[in-house]
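Presented below is the structure to which this report refers.
Quick caveat, the model's predicted, so the values are computed rather than measured.
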Amino acid sequence: SAYQSPNIGYFNNLIKQNIPFIMINASYPQIKVPSLCVDDFKGARIAVEYLLTLGHRNIMGIFKVDDLQGVNRMNGFIAMCQENNIQLNENQIITYLSEETESLLPQKIEKLIAEKNHPTGIFCYNDEIAFKVLNIAHNFKLKVPEDISIIGFDDSQISKMVYPKLTTITHPKEKMGIDAAKLIIKLINNHNQFKDSDSILYEPTLVVRNSTAPI
C-alpha cells in the first residue's frame with residue numbers, strides 16, 4: 001500500500017518474536033526485513049523512452065496510486081517526460097484507486113481517448129489496464145498500434161493472449177517465487193539473521209510485441 005499500513009503492528013510483532021518473513025513487490029521503510037521488488041521506477045522510464053524513440057510526444061500514463069508499485073511507476077513516467085521536455089498537463093496522467101478500476105477508470109479513459117487530440121502513446125500501470133485501453137480504443141474505432149500505441153507492465157499471460165499482443169515491461173514472477181523460497185529457507189536456517197544484500201531489486205526489461213509502432 002502507498003498508505004500507512006494498518007498491519008504495521010502485526011509486522012512488528014513478527015519481528016519481536018523473531019519470526020522470519022519477507023516482503024514481495026513493495027516494502028515499508030519502517031519495517032526492516034528483506035524484500036524482493038522490481039525496479040518499477042526504472043521500468044516506467046524504459047517504457048516512456050521506447051515511446052519517444054518511436055516518435056511519440058503526446059504521451060499519457062495511467063496509474064493506480066494506492067499502492068507503491070503504482071506510485072513508483074508514475075514517478076518514473078513523470079521523471080522521463082521531464083527529462084525529455086515533455087510538458088505534462090492534467091490530460092496526460094490518469095490516476096485511480098483500486099476500487100475505481102471497474103467504475104470510474106474506464107470513464108476517465110474514454111473521455112480522453114474520445115478527444116480529437118487524443119494521446120498517441122499510452123503507458124499503463126499493468127497489462128490488465130492496457131487491455132482495458134485496448135478495448136476502449138477499439139470501441140472508438142481507433143486502431144492499435146496505427147492510431148494509438150499501448151504499453152503495459154508485468155508481462156502477464158494476458159499480454160500474450162490479446163490482439164494485438166501487448167508490448168510490456170517484464171516482471172520476473174517465477175524467479176521471484178523461487179528466490180523468495182530460497183530466501184525464507186535461508187532466514188530459517190540462519191535464525192532470521194539477514195543482510196541488506198539479501199534484498200533483491202530486479203532489473204525490468206522491455207518486451208516488444210504488436211501494440212506499439214512509430215508515429
Whether D127 side chain and I158 backbone form a donor-acceptor pair below 3.5 Å
no

Can you give me the closest heavy-atom contact between P164 and V144, atom names plus distance?
CG-O, 3.5 Å

Connected via hydrophobic side-chain network under 4.5 Å: F77 and V65:
yes

Give me the atom names and distance for the closest heavy-atom approach of F41 to A79.
CZ-CB, 3.8 Å

Should we count NZ of K175 as having more than 12 external heavy atoms under 6.0 Å?
no

Rounded to the nearest 0.5 Å, what separates atom CG in N18 from atom CD1 in I15?
10.0 Å

Can you give me the closest heavy-atom contact between M60 and N91, atom names plus distance?
SD-O, 3.7 Å

Kindly indicate, with the supporting measurements, whether the criterion side chain to side chain contact (heavy atoms under 4.5 Å, CB included) is fulfilled by I129 and T101.
CA-CA 8 Å; I129 301 305; T101 304; 4.1 Å; yes

Charged N-O contact under 4.0 Å between D154 and R73
yes

Crowding at NZ, K165 (>12 non-hydrogen neighbours, <6.0 Å):
no

Reference residue H56; test side chain to side chain contact (heavy atoms under 4.5 Å, CB included); the match among V48, I122, T120
T120

Test your reading of the model: is there a side-chain donor-acceptor pair from N135 to the backbone of K132, 3.5 Å cut-off?
no

Show the numbers, then the answer: is there a side chain to side chain contact (heavy atoms under 4.5 Å, CB included) between D67 and S98?
CA-CA 9 Å; D67 73 35; S98 297; 5.6 Å; no

Is there a side-chain contact between C124 and I150 (heavy atoms, below 4.5 Å)?
yes

CZ of R45 to CG of N84: how many Å apart, nearest 0.5 Å?
8.5 Å

Taking it one step at a time, do Y163 and L134 satisfy side chain to side chain contact (heavy atoms under 4.5 Å, CB included)?
CA-CA 9 Å; Y163 179 82; L134 185 66; over 6 Å; no

Between SG of C81 and CZ of R57, what distance do you get to the nearest 0.5 Å?
8.5 Å

Would I46 end up clustered with L201 when hydrophobic side chains under 4.5 Å apart are linked, directly or stepwise?
no

Side chain to side chain contact (heavy atoms under 4.5 Å, CB included) between Y125 and M74, worked out:
CA-CA 8 Å; Y125 164 73; M74 180 175 67; over 6 Å; no

Taking side chain as C-beta onward, heavy atoms only, is E99 less than 4.5 Å from D66?
yes

Could you report the tightest heavy-atom contact between P20 and N192, atom names first, then the distance?
CA-OD1, 3.3 Å

pair M176-V38: side-chain heavy atoms closer than 4.5 Å:
yes

Rounding to 0.5 Å, atoms CD1 (I93) and CD1 (I59) come to a distance of 11.5 Å

Is there a path of hydrophobic side-chain contacts, each under 4.5 Å between heavy atoms of I/L/V/M/F/W/Y residues, joining L97 to L105?
no

Does E174 CD have over 12 foreign heavy atoms under 6.0 Å away?
no

Applying ring-ring contact (aromatic ring centres under 6.0 Å, His included), can you list everything that pairs with F21, at least two apart in sequence or on another chain?
F11

Please name the pair of heavy atoms, one in S149 and one in P145, separated by the smallest distance, quoted to 0.1 Å.
OG-O, 3.9 Å

Beyond-backbone contact of C37 with N25, side-chain heavy atoms, under 4.5 angstrom:
no

Can you pull the side chain to side chain donor-acceptor pair (under 3.5 Å) pairs that have at least one residue in residues 201-213, sequence neighbours excluded?
K42-E203, D155-R209, S159-R209, T167-T212, T170-T205, D179-Y202

Pick out which of L142, D147, N139 makes a side chain to side chain contact (heavy atoms under 4.5 Å, CB included) with I113.
L142

Counting N and O atoms only, with roles assigned by atom type, does the side chain of D40 sit under 3.5 Å from a partner on the main chain of N72, one being a donor and the other an acceptor?
no

Nearest-0.5 Å distance, CG of residue L88 to CD1 of residue I86
7.0 Å

Given the rule that I, L, V, M, F, W and Y join up when any side-chain heavy atoms are under 4.5 Å apart, are I148 and F140 in one cluster?
yes

Taking side chain as C-beta onward, heavy atoms only, is I169 less than 4.5 Å from L206?
yes

Excluding sequence neighbours, so at least two apart, what forms ring-ring contact (aromatic ring centres under 6.0 Å, His included) with F123?
F63

How close do K111 and E115 get, heavy atom to heavy atom, and via which atoms?
O-CG, 3.4 Å

How long is the span from the OG1 atom in T95 to the CG atom in L104, to the nearest 0.5 Å?
10.5 Å

Does K32, at its NZ atom, have more than 12 non-hydrogen atoms belonging to other residues, nucleotides or ligands within less than 6.0 Å?
no

Is the backbone N or O of N190 less than 3.5 Å from a side-chain atom of Q193, with the two atoms forming a donor-acceptor pair by type?
no

N58 side chain vs H118 backbone, donor-acceptor pair below 3.5 Å:
yes

For Q87, does the CD atom sit with more than 12 other heavy atoms under 6.0 Å from it, leaving out its own atoms?
no

State plainly whether one hydrophobic cluster holds both Y50 and V133, where clusters connect Ile, Leu, Val, Met, Phe, Trp and Tyr through side-chain heavy atoms under 4.5 angstrom apart.
no

